[in-house]
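The structure appears below as structure tokens.
The figures here come from the full heavy-atom set of this structure, side chains too, leaving out hydrogens, waters and symmetry mates. In the text below, chain A, chain B and the rest are named by the order of the sequence lines, each starting its count at 1.
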Amino acid sequence: MLMLSSQLNTYLVIGAILFGFGVFGLVRRPSLIGMLIAAELVLCGASINFMAFSHFLAPDPTTGQIITLFIMAIAAAEAAIAMSIVIAVYRNYKSIETEDLVELNG
Amino acid sequence: MDELIRILSYFVGIAAFLGLNLAYLGWVERKGAGHIQRRIGPKDVGPYGLLQPLADGLKLMSKQLVVPDNADRLLYMSAPVLAMVATVILFVTIPWGENLVPREFDYGLIMIFAVASAAGLSILLGGWASGNKYSLIAGTRAVSQSVAFEIPMLITAITIVMITGTMNLNEIIRSQSGMFWNWNVFALDKSILMPISFLVFFVCSMAEINRAPFDLGEAESELVAGYITEYGGMGFGLFMMAEYGNMMIGASLTTILFLGGWQCPFGLFPGPHWFLLKMYFLIWTIVWIRWTYPRTTLWGLLNLSWKYLIPFSLVNLLVTALFIKVF
Amino acid sequence: MNPSLFSPEGLAGLIFLILIAVTMFGAVVATCSKRLIRSVTGLAICFVGVAGLYYFLNSPFVAMMQLLIYVGAVCVTLAFAIMLAEPNEAKVARKITGLSGGLAALCGGAMAYALGYAAVHGEWMAAATKINDGSVKTIGVNLLTQYSMVFELVSIVLLVAIIGSLVLARQGRDEE
Amino acid sequence: MTLLAQSQLQETFELNIGPQHPATHGVLRVKVIMDGEYIVKAEPVLGYIHRMHEKMGENRTWNQFWPNLGRLDYLSAIAYNHGYAGLLERAMGIEVPERAEYIRVITVELNRLQSHLLWFGAFILDLGGFTPLMYAFDEREQILDLLESVTGSRLTYCYFRFGGVYNDVDDDFITGTRAFIKRLRPQIPMYHDLVTKNVILMERLVDIGHISADMCRKYGATGPVLRGSGVNFDIRKNEPYSVYPELDFDVPVYHECDSMARYMVRMDEMEQSMRIIEQALDKMPDGPVKAEKAPKILKPPKGDYHFAVEAARGTFSMRTVSDATNTSYRMRLRSPTYSNLSLFEEASRGMLLSDALAFMGSLDLVIPEMDR
Amino acid sequence: MGTESISGIETSVPSSIVQFHMLDQLRALARANSLWPMTFGLACCAIEMMSAGAARFDLSRFGAEVFRPSPRQADLMIVAGTVNKKMLEPVKILYDQMTEPKWVIAMGNCAISGGPFKFKGQYNVIEGVDSFLPVDVYVPGCPPRPEALIEGILELEEKITGTRRWPRVKPETAVKG
Amino acid sequence: MSGYFSYLLNGIKSLAIGLKITNKEFLTRPITLQYPHESVKMAPRYRGHIELLMDSETGTHTCISCGMCQKGCPSNCITVKSKKVPGVKGKVLTAYILDFTTCSLCGQCVENCKPAAIDFSNEYNLASTRKEDFVFDLLQKLHPEGVPEPKVDPALLKKEQEKIEAAAKAAAEKKEAAAKAATEKEGEGGEKAEGKS
Amino acid sequence: MLASEGLPPQKEVVEEVQAAEEGEVDPKAKKKEEEKPRENGLLETDYAKRGFHLDVQVNPDQVVRSAEILDSEGMTMEMVTGVDWLKDGQFEIVYDYSFTGGELFRVVVRCRVDREKPDVPTISEVFGGANWHERETWELFGINFVGHPQLERFLLPDDCDYYPLRKDFKL
């Protein structure tokens, strides 16, 4: 048990579980922010996979790290944009629950 | 096993040092405020009022714990602990002396920023969980302020990293060895704008830890007691201790980056005493400033950040890059 | 094979286990709690755990960046967003417990199972040699050489994000 | 629903400042409706320290009403004493000996000095600076000592009597006052260095809290608030009473109409008060301090009487309706800050919360005087 | 430590609970030396309260200068001024918001009994805050000098700890005039 | 642009001046008067609560119990109790009760006092855990060891006694006369009444 | 700064206002008797004795007009108050005006209303500062200012139902 940290599979499974939680949350959460949180979890699971593969398998261990950094940048940008969208939506609809936003369809 | 003992002994040492400092910084602040204001300050509780922090601590611990009605109980209780934990973690990387580092860490500088930014979350949570409008406003104010000042602070820190080529705090100090003109604050040969960048960093660190004149989070005359309005007893005590802890971190970081850490000004007997001397001097300056100036407004503060500090730090970054390339 | 619990390796292993627990706990809180603010707290806890995992993957720089960006920036932004517009989620949560909750659990479970199965049973070939040690220096060099184009693109994305969010968030104020 | 979310539904939210709040200096309550950090409406609510002074005026004899004057505006109590003394002296035609008038002027101006000093400290405290308050209190204690040696009290003076003052001043007081003025003179430039020129303070006061002269007129604002809006009006000059016509002093007027102007008016008034005190000390003649023919039993003839004085915060005027008995039929006290605050609701619209509180501080409120 | 004080504590603690005399005393001492008042000024006496905190008198010598604006952090409510019917509710709320242990000082005659505003036919003033608050120490005067407030706080410390650590001052007059 | 920098420089200069001033104050001695250890001497005119003045000639107060102070007091905090003692001129003070908790220290009582029997004390540091401590009997305060008996003037006593005797005598005579008249009347009345019944 | 800063000196102001006021005086009220309620019209102008230069009594419906005239002259509303003349069965509402633009000049405008039906129009439209004064007068006397935007409890607690400054007030 104590040697888990040196096995690739551990990280992959953790990544998979986080990804699963993310998907679960994305489907379950009724509100925009809740979905955003779940999406962050999905991204996080993916990053762990990248990091693990790059550490254990790739010839150049920097690749995974750089991709993870890019993911972080994207996530931050996503959070900022999503927050402003949330606020804009809230201003107009007084709600950020997805089922109240059906007007967006047309 | 040795490593374990080392870690444990440092843990105990840091806890003792921290506890003593956090308690007595309050005393220093009150006593200093007293003398600045033509009065004595704590005096009758123990000799020179030295037992005052003890009395305060005991009293705060024996106060009733109240969770306000419309507070989020769990978050309300955990926010001060979170603030304190983040502060204590920060001390892990501070190199008090050349060999007196709890954990020498190659990314110490970035770690301090990372954990400090996480501490901002605790203020926000505390303010939100109190269920009080004043706390909420104050919490959002405090966080937006520390986010705004993180930018120039990071940029200034990057210039130092560019000069020294490392993020290891001990390495940064080692690179400033020798006489005091080798300190980064006077290192005009590395970048002509170094003193200004020192000022920028110091001001930012003051704003980052929500100290007067940037204490909008606790703006007493506007928001009662800010994000700690609903906290009594030890919750309040923990927030105060976290504030003093952050003050120490801010002062230590400035000391490390600009004033040569444990280096002696004249190249003699470097050691922790120099570090502490410089750190306490900066802390005293922060206290001194607090009792001299009125408070700024949120807009004045953001103006300062956007109009002065960020341009200056950017120019400084460019000039430093130029110096590194040219010389 | 198993080292003693009190050797440095054993301790590290223990810490690793704790980190996994923290991550999982955070993820559970982030997805299952009723109040969004607690979800964000859970997310922050999860990220702290993940940062620890990164540290074990020999990339402390990324771990620190994970803390700085995810906990210090993303979570704070989310918390702000929640304070500005928290929906009454408890009300909606009641409606969806039945079918959609099960559906969500099914989706998530299936995904996790598939990925985990692939991970455990996949044949992963380790590279013969490492061409560098993955230090910050090499990251920096690679960023500015091999990945410079991506780097620039990400910068543009960030810039666009800043401008876009400013424009979006300011819309309501324009009338004043 | 969070509080902010609730407020977002109405785009605004309500914030209740007071009745116990550090910024209100007493028990004023301000109901604020805010949009973000901007004030949509700020409505002061009074009455938390309403103490029935006007009712007491109808119940107590003329002489028994004296202690109330000290408790109306406890910071410029002597000026209020002066108003009451002047009212009945006008009604009954009592001549006041000259020495008494000079003593009155000296004590009133000393009192004005201490009031402005306290305001100065408290105002900076509103803005978050703590130290100037202590310095101001230090100087203020000197004045209180001087006044205590004459009147016997530190705050709620009850020193004047119809036709004079309670007792004569001694030489210690005169030399002490001179020494004090000598001591205070260099302190005021120090305050300017420490506070007025401070860039943070300038940011917070300049162009904040604009009140036009016309708004002052509509709301009946007086005192430094009016003079900070560029109107040269001071009861001491415009409706001279006591021995003010014989003393040479200026009325500081600033035309910027902002918080800084009101601040500067008060700071300059301190200088002028010192000038007045010095002159009065020089000119003070010997003689009795109480009118010899002051009647023991006071029954002013029927009718309305009105008397106004310049207190530290503006025009304090008293109006009484006498029905020729030993109590007043109706006693009306017009307190300056009551009118000064009434413009707050209009003037604070659209301000930032922190600016509005700074603006409120610049109005120099004393709540018990407002509530009466 | 006198035996009286210990017996005083004994009476206040149920006998079934295990008692730690020294600890109780220490706690009482800590509380007595760190009385943080609430920023709560009502009228004239509030100015004298500020004076007591200011340079000349300096309450901070006894650790009591930390005027907390929030009732949650305050130990001591100094009712400095007249409480009227409209203010009654807020004062009660503020007192309830303070965390235990808490004390009340009624400063000035208005707070003690309505003071000069107590007259026949009055319609608005509460005649003494002890009618709705458990007042610990009364400081009379109109307004009391700052020394009197300090004396009140020392009196309260005596009440908490059971002993008086400070000398008592007998008033004297400068020069008999 | 020059405005930008000059503003900045002026700002920094002003801040530095502020620091200089507070530093100077930090280095000067505090002015605090440490109250319980050292105490201020009250000004002679300081208005504490009122007290009865000790008259060095008589060894007691000079109050004549006229009640002017009580009448003049705006807040009814003075109650003067007196009684008549044979052999003493005027009324003798038995209790002078001051309810200090309603006093406003206006000085009307001192001003109204014709014989100048009361004056302000210099008690400035009163505090107690009991409200009743501030209802003073000033007479008790003046003579803590017991109020001395009022000095009886023998001449006056004699005069008074004579007067009393005379009065008693007159009264007795009157009574006698009245009784006589009454009995006479009664006799008549009684008869009448009897007659009626 | 004041719009009226260039006003002629005091004497002419007196005459102007006087003229304006006299034009409105109720013509039927002319006789003067001692122990009766005072009649409408110009009453007294002895400053040294009374403390005001001009004392005018008007009808309730003329109050607003008088305020407008004084406003156009650049006068300041200093206070509004009431007096309860229990014996006459009347309330008197007193408006104090003064001139802050130059030499001081005080005007008192009064009007009397029946105690049973104390209605008087508000001048808070003309002088914003009258808002609070009228509110207070309403609260303490029960004089109803018709058209006032906010006649709510002000100094007294919200739940009290008495008018403490009325002469027949007993708690």
Side-chain angles (χ1 to χ4, degrees), chain E residues 44 52 54-62 103 105-120 127-130 135-156 158-159 164-177, chain F residues 22 25-26 28-51 53-54 56 72-78 98-110 116 119-136 141:
Chain E
C44 335
R56 173 83 170 278
F57 301 103
D58 196 15
L59 266 180
S60 71
R61 288 176 291 129
F62 313 103
W103 293 277
I105 288 183
M107 181 187 182
N109 287 347
C110 292
I112 296 176
S113 71
F117 303 100
K118 177 179 167 184
F119 65 97
K120 211 167 154 266
E127 295 182 359
V129 290
D130 50 355
V135 178
D136 293 288
V137 172
Y138 299 87
V139 182
C142 198
R145 272 185 69 97
E147 283 105 334
L149 180 60
I150 294 178
E151 187 70 29
I153 284 177
L154 300 186
E155 192 81 26
L156 184 58
E158 187 183 347
K159 185 177 176 180
R164 190 180 165 98
R165 297 203 291 133
W166 287 275
R168 285 191 194 273
V169 173
K170 185 99 186 71
E172 30 179 339
T173 306
V175 191
K176 268 289 172 202
Chain F
T22 42
E25 296 289 348
F26 178 70
T28 48
R29 261 181 78 81
I31 55 138
T32 304
L33 185 120
Q34 302 185 27
Y35 160 65
H37 306 296
E38 48 187 344
S39 60
V40 68
K41 288 195 169 121
M42 283 298 106
R45 277 181 196 166
Y46 174 71
R47 293 184 184 179
H49 64 81
I50 54 169
E51 61 183 2
L53 282 183
M54 181 72 86
S56 51
C73 180
S75 38
N76 300 326
C77 51
I78 299 170
L98 169 71
D99 182 1
F100 186 48
T101 61
T102 56
C103 176
S104 56
L105 300 170
C106 61
Q108 292 289 341
C109 45
V110 177
D119 200 356
F120 298 109
S121 68
N122 57 4
E123 294 237 32
Y124 63 92
N125 55 354
L126 289 169
S128 164
T129 50
R130 279 167 11 103
K131 179 174 173 176
E132 295 75 35
D133 287 356
F134 308 121
V135 181
F136 306 114
K141 244 179 136 65

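- Panel note: side chain F:Asn125, backbone E:Val169; a donor-acceptor pair is recorded below 3.5 Å.
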For F:Tyr35 and E:Glu151, run side chain to side chain donor-acceptor pair (under 3.5 Å): C-alpha distance rounded to whole Å, both residues' side-chain angles, the deciding distance at 0.1 Å, then the answer. CA-CA 9 Å; F:Tyr35 160 65; E:Glu151 187 70 29; 2.6 Å; yes
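- Heavy-atom distances place both the backbone and the side chain of F:Pro36 under 4.5 Å from chain E.
- Across F:Cys106, F:Ser75, F:Cys103, the residue that shares the most heavy-atom pairs under 4.5 angstrom with chain E is F:Cys103.
- Of the two parts of F:Tyr124, the backbone and the side chain both hold a non-hydrogen atom closer than 4.5 Å to a non-hydrogen atom of chain E.
- Heavy atoms closer than 4.5 Å to chain E are found in the side chain of F:Leu105, but not in its backbone.
- Judged by distance alone, with hydrogens and angles left aside, the side-chain atoms of F:Thr32 form no donor-acceptor pair with the main-chain N or O of E:Phe57 at under 3.5 Å.
- Nearest heavy atom pair, residue F:Thr129 against residue E:Glu155, reads CG2-CG, 4.2 Å.
- Interface summary for chain E: among F:Arg130, F:Arg47, F:Glu38, the most heavy-atom pairs under 4.5 angstrom belong to F:Arg130.
- Rounded to the nearest 0.5 Å, atoms CD (F:Gln34) and CD1 (E:Ile150) are 10.5 Å apart.
- Ranked by heavy-atom pairs under 4.5 Å with chain F, the first of E:Gly128, E:Pro144, E:Gly152, E:Ala148 is E:Ala148.
- For E:Leu154, the part lying near chain F is the side chain, with the backbone staying farther off; criterion is any non-hydrogen pair under 4.5 Å.
- Comparing F:Ser39, F:Ser128, F:Ser104 by heavy-atom pairs within less than 4.5 Å of chain E, the highest count is held by F:Ser128.
- E:Arg145 pairs by the salt bridge (charged side-chain N to carboxylate O under 4.0 Å, His left out) definition with D:Glu148, E:Glu147, not counting sequence neighbours.
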List the atom pairs, donor and acceptor, that lie under 3.5 Å between side-chain atoms in residues 110-120 of chain E and the rest of the protein, sequence neighbours left out.
residue	atom	partner	partner atom	Å
E:Ser113	OG	F:Thr101	O	2.8
E:Ser113	OG	F:Thr101	OG1	3.4

